[in-house]
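For reference, the structure is listed below as structure tokens.
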Amino acid sequence: MLISLIVPCYNEAEALPLFYAEAARVAKEMQQSHGALFEFIFVDDGSKDDTLKTAKALREKDGRVRYLSFSRNFGKEAAIYAGLRAAKGDYAALLDADLQDPPALLPEMLNALLTGEYDCAATRRTTRKGEPPVRSFFSRMFYRLIHKMSDTEIMDGARDYRLMNRKMVNAVLSLGEYNRFSKGIFGWVGFRTKWFAYENIERAAGQTKWNFWKLFRYSIEGIVGFSTAPLAAAALLGVLFCLAALVMIGVIIVRTLVFGDPTNGWPSLVCIILLCSGVQLFCTGVLGEYLAKTYLEVKRRPLYLVREDSEEPGPPRP
Ligand code: UDP
Ligand code: MG
């Protein structure tokens, strides 16, 4: 039984050795308890620090370590996909490099899969301790929104930390879309998932790679990727405005017939024009968002480009 641990790393030179130490400890334990063998796949997502060097040093020390280095920063989603692609294991786990996803939970997760009842062991945080309150607030809003808009189940507070069997890994790999939103993809492929909850753990070393704006873009990605409700909402808004206009026309005709036409109403007209053109622009924007995603999707660009691969010395072949 081989378990692939996939770790997306972007500027994680400080955290990587700490992660490796902990993961190797857990691996040793699980080798004794479960007879499990491991490979560690570090996906260097175009880091600007010594992440790749650190990964190489770890490989010198331990042959189970593999690395994959991108030509530039392609984002965590691409790193996850590349890692899953490269994984040879019967099981594959996704973990962050900063130890916010405790490897110590792996034995328990594996036990759940070994019963044969589940295909995937996933985790979610019960608290958001140590996170800025504004960020927590908007995260919660996002989950509430997407829950209403999308048929795909996206769990509140779900982390990307999960252990999957080969069946599920292959299913996830079969979704080759360019705009990837893993939380949605995992929900979409289905399979039986057992959830493990734990309290938020703060980063072991280094800094978070997400700021508010990046998270906002990511949430739009999630909504556009897994719901077409905004398009329907735009159409509905249009219908509502037409109805309102019809009612208003009726009112104006009746009023003119009864009271004559005292030619006022210029300020209200300006307000109506502003409101209607605002709504139109907003709806065009929604449409544009989907169009842009479609555009990126039809280009069929690769999700990532590899600059160095520990398995393939020399220039990588497509
Ligand atoms: N990460 C990545 N590419 C990116 C941003 C992040 O591979 O462009 C990795 C990062 O190295 C880490 C994981 O994704 O292993 C989670 O990132 P981070 O801890 O900064 O996010 P947070 O836990 O603060 O949400
Ligand atoms: Mg983190």
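Predicted, not measured: the structure shown is a model, and the values here were computed from it. Just follow the structure's listing: the first ligand is 1, and inside any ligand the first atom is 1. All residue numbers refer to positions in the sequence shown, counting from 1.
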Requested in this report: Number the atoms of ligand 1 from 1 as they appear, then name those within less than 4.0 Å of a heavy atom of Gly75, with their elements.
Outcome: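 Going through ligand 1 atom by atom, the ones under 4.0 Å from Gly75 are 3 (N), 8 (O).
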
Query raised in the report: For ligand 1, which atoms sit closer than 4.0 Å to a heavy atom of Ala97?
Result: 15 (O)

Query raised in the report: Think Arg125 forms a cation-pi with Tyr198, using NZ or CZ under 6.0 Å from the six-ring centre and within 45 degrees of its axis?
Result: no

Report task. Please state whether the separation between the Mg ion (ligand 2) and some N/O/S atom of Asp96 is under 2.8 Å? Result -> no

**Report entry** Metal proximity, Gln100 vs the Mg ion (ligand 2), N/O/S cut-off 2.8 Å
**Finding:** yes

Query raised in the report: Centroid-to-centroid, Phe181 to Tyr218, below 6.0 Å?
Result: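 So the answer is yes for these two rings.
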
Candidate with minimal heavy-atom separation from [atom], of [options]:
| atom | options | result |
| --- | --- | --- |
| atom 11 (O) of ligand 1 | Glu12, Lys209, Lys76 | Glu12 |
| atom 25 (O) of ligand 1 | Gln207, Arg159, Lys214, Arg135 | Arg135 |
| atom 24 (O) of ligand 1 | Leu99, Leu215, Asp101, Thr208 | Thr208 |

Query raised in the report: Which part of Cys9 is near ligand 1, with near meaning a heavy atom under 4.0 Å away: side chain, backbone, both or neither?
Result: backbone

Query raised in the report: ligand 1 versus Asn73, non-hydrogen atoms closer than 4.0 Å: side chain, backbone, both, neither?
Result: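 Only the side chain of Asn73 comes within reach of ligand 1.
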
Query - Asp98: its N/O/S atom lying closest to the Mg ion (ligand 2) (atom name) - result: OD2

